[in-house]
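Note sheet for the following structure.
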Amino acid sequence: MGQAGSQDRLRIDKWLWHARVVKTRSLAAKLVADGHVRLNGNRTDTPAKQVKAGDVLTIALERTVRVYRVVGLGERRGPATEAQTLYEDLSPEPPGRPQAAPEAG
């Protein structure tokens, strides 16, 4: 019975690595431990924290903030195309050039 529960959750550092947010699992653990990851809006500093489908992760990277909804856990760190199936990107558009800004006149 305990085995089934482990199948629908994954350590947050492992998920970040599987989803190719970072290059190594140790970097993923450091990102979480340093407080750069929020799980469902709450800051977490525990790399062993479990994530499940539906959770929303807010990740503060060096030059950007990414917001991902977990849709899959993954069994391994696969190619980028496989990694992209693990999340839905909810990240806001980066600030910069406005798309359809009204002209002042």
Side-chain angles (χ1 to χ4, degrees):
M1 193 147 71
Q3 193 72 358
S6 66
Q7 297 301 317
D8 60 354
R9 292 181 180 267
L10 187 67
R11 285 176 56 116
I12 196 167
D13 60 339
K14 236 177 154 175
W15 187 90
L16 291 168
W17 183 56
H18 286 185
R20 292 185 165 267
V21 174
V22 291
K23 291 185 182 201
T24 66
R25 187 163 164 200
S26 59
L27 279 175
K30 182 170 175 25
L31 191 70
V32 177
D34 289 349
H36 297 292
V37 178
R38 290 181 179 265
L39 175 60
N40 297 322
N42 299 313
R43 188 169 152 185
T44 184
D45 58 5
T46 309
K49 190 83 161 171
Q50 302 285 305
V51 296
K52 65 185 182 314
D55 283 345
V56 175
L57 299 176
T58 305
I59 307 146
L61 298 171
E62 194 172 314
R63 293 185 181 93
T64 186
V65 173
R66 309 301 309 166
V67 181
Y68 295 141
R69 176 177 290 124
V70 177
V71 295
L73 300 178
E75 307 240 337
R76 65 188 180 108
R77 180 177 164 94
T81 52
E82 186 179 308
Q84 290 169 348
T85 67
L86 301 181
Y87 59 85
E88 177 186 348
D89 192 343
L90 306 175
S91 303
E93 288 296 317
R97 57 181 191 264
Q99 302 295 64
E103 291 186 24

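The structure displayed is predicted, hence computed values, not measured ones.
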- To the nearest 0.5 Å, atom CZ of Arg9 lies from atom CH2 of Trp15 at 15.0 Å
- Out of curiosity, Leu73 CG to Lys14 NZ, how far, rounded to the nearest 0.5 Å?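 Nearest 0.5 Å value for the CG-NZ distance: 10.5 Å.
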Connected via hydrophobic side-chain network under 4.5 Å: [X] and [Y]:
X	Y	result
Leu57	Val21	yes
Val56	Val51	no
Val37	Val65	no
Val22	Tyr87	yes

Hey, are the side chains of [X] and [Y] touching, using non-hydrogen atoms and a 4.5 Å cut-off?
X	Y	result
Arg69	Asp55	no
Gln84	Asp89	no
Ile12	Thr44	yes
Leu16	Val32	yes
Lys30	Arg25	no

Checking [X] side chain against [Y] main chain: does a donor-acceptor pair fall under 3.5 Å?
X	Y	answer
Thr58	Val67	no
Arg66	Leu90	no
Thr64	Leu61	no

- Message: As a test of understanding, state which of Leu39, Asn42, Asp13 forms a side chain to side chain contact (heavy atoms under 4.5 Å, CB included) with Lys49.
- Response: Leu39
Any idea which heavy atoms bring [X] and [Y] closest together, and the distance?
X	Y	result
Lys23	Trp17	O-NE1, 3.5 Å
Pro47	Ala29	CG-O, 3.6 Å
His18	Leu10	ND1-CD2, 3.8 Å

- Item | N-O pairing of Arg20 and Glu82 below 4.0 Å | no
